[in-house]
Protein chains: 2
Amino acid sequence: MSDDITIRVLLADDHPVVREGLCAMLESADGISVVGQASSGEEAVALAARLSPDIVLLDLRMGGMDGVEATGHVLRGSPGSKVVIVTTYESDADILRAVEAGASGYLLKGSSRQELINAVQSAARGETVLTPSLAPKLFRARAVETPPLSERETEVLRLVSQGLTNAEIGRRLFIGEATVKTHLLRAFRKLDVSDRTSAVITALERGLL
Amino acid sequence: MSDDITIRVLLADDHPVVREGLCAMLESADGISVVGQASSGEEAVALAARLSPDIVLLDLRMGGMDGVEATGHVLRGSPGSKVVIVTTYESDADILRAVEAGASGYLLKGSSRQELINAVQSAARGETVLTPSLAPKLFRARAVETPPLSERETEVLRLVSQGLTNAEIGRRLFIGEATVKTHLLRAFRKLDVSDRTSAVITALERGLL
DNA sequence: GGGCCCGTCCTCCATAAGGTCGAGGACAGT
DNA sequence: ACTGTCCTCGACCTTATGGAGGACGGGCCC
């Protein structure tokens, strides 16, 4: 038997090429219909509220509002919709936040047509689907979950990333060098590193700067 | 009047979604026909040699061989083909290298269907096309052109980026710490910085690691 | 042969950075 | 009023780093 109703999908991605590709892949499946396309998070939220689609396919990285934020807004504005995230990178700390925001699926852009279609259908049935290669990363990410950096720590780290010395940072922020070192040491602990270079790199990797 | 011959295009991108999107966009135009798809640089080179397409659309970032390398190989293996690069990021130092390798066009994945079609048609006529927003970046990039890092310098810098100390790097590479410092200092000069943290960051920005 | 770059190594030195301990004040939540 | 977190600063110590100088052999190119 075929599905009783057609799954209505809204696409959101800032790259026309990707929208076109997702659209072509989904339309080729029976029982899936793309009812709208958005090129930004804001647009996606507005369209979702108006169309109440079954599934909203969201890119994690878009101009303006990012995918995580958009996930929350879409779900609030259209409670019947499920959100499936499509992302290019596996290393996104945002994935975790997207889960917490209520997304029901995570796909890589490297996924095949069949994986994409399966994911949409599963999500429509209320299941949560993860790209196979993504699942382990999720747990790893959870394992190394980072205690949040304080505002000051982030600020200091950002200046470190611009190549300033501790003394320069102190002058820049009107605080003593001792204070700068304190902030940095605490940031090191939180990031589980022991030098400024690693700190900056892991902070960048985790999208903390 | 319509073109006398159909433009034969080969697509290469490691994301099925993107391939599908490019394919759908191009096939919708008269006089353009997608004759092959590749999911890696190696595959693109092999297919180009076999199919001798008019245009090869190459993603700049693919698993294995990157777009720059692939550009050179494609042009050597299929001298009649033109290479057009499709990239997601504007900030790629690789764009410059791709020009030097002989690419005839550069597009962002954010380009519209019409821009894409125009670019393919222009390239087929022998013109070189740049996404408008890309052109200024190209010149800026040329302005800050970096003297190339030697192999050893790159290697040392890569280990620095992993948080190793000079002594650790020396042990890892079976060379003295003094040598490590020499390589680093030379890299600093080339990158116009004066500390390891800035060096790693600017090297990352320029795609040198 | 004479440059020139690369990779390797050395010494000496000043300073920056990392680590430890302690401590006071501001402010929010309970 | 108490707790916790954050920001602030100090003293003191060890180690790492950056900078200057020189040195030597090996390629490579003209």
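So that the names make sense, note that chain A is the first sequence line, chain B the second, and so on, each numbered from 1.
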Contact list (N/O, under 3.5 angstrom) for nucleotides 13-19 of chain C vs protein:
unit_1, atom_1, unit_2, atom_2, d
C:dA17, OP1, A:Arg196, NH1, 3.3
C:dA17, OP2, A:Asn166, N, 2.9
C:dG18, OP1, A:Arg196, N, 2.8
C:dG18, OP2, A:Arg196, NE, 3.4
C:dG18, N7, A:Lys181, NZ, 3.2
C:dG18, O6, A:Lys181, NZ, 2.7

Salt bridge flag under 4.0 Å for residues A:Asp14 and B:Lys109 |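 Salt bridge absent between A:Asp14 and B:Lys109.
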In B/S/- notation, 5' to 3', how is nucleotides 25-30 of chain C contacted by protein heavy atoms closer than 4.0 Å?
-> ------
In B/S/- notation, 5' to 3', how is nucleotides 21-30 of chain D contacted by protein heavy atoms closer than 4.0 Å?
-> ----------
No-hydrogen, no-angle side-chain donor-acceptor test under 3.5 Å, B:Ser150 and B:Glu153 | yes
Between B:Ser150 and C:dC6, does any side-chain N or O lie under 4.0 Å from OP1 or OP2?
-> no
Rounded to the nearest angstrom, tell me the gap between atom CD1 in B:Ile169 and atom P in C:dT8.
->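 Going from B:Ile169 (CD1) to C:dT8 (P), I get 13 Å.
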Spacing of B:Leu157 atom CG relative to D:dT17 atom P, expressed in whole Å |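 That distance rounds to 13 Å.
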To the side chain of B:His183, which of C:dT8, C:dT11, D:dC7 is closest?
->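 Given the options C:dT8, C:dT11, D:dC7, the side chain of B:His183 is closest to C:dT8.
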Pairwise side-chain contact, A:Val120 with A:Ile7, heavy-atom cut-off 4.5 Å (strictly under) |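 Yes, close enough: below the 4.5 Å cut-off.
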Do the non-hydrogen side-chain atoms of A:Thr165 and A:Glu168 ever get within less than 4.5 Å of each other?
-> yes
Between OG1 on residue B:Thr197 and CG on residue A:Asp195, distance to nearest 0.5 Å = 7.5 Å
Pairwise distance CZ(A:Phe188) to CG(A:Leu157) - rounded to 0.5 angstrom | 7.5 Å
Evaluate the side-chain contact (heavy atoms from CB on, under 4.5 Å) criterion for residues B:Thr87 and B:Leu107: first the C-alpha distance (whole Å), next the side-chain angles of each, then the deciding distance (0.1 Å), finally the verdict.
-> CA-CA 6 Å; B:Thr87 179; B:Leu107 287 177; over 6 Å; no
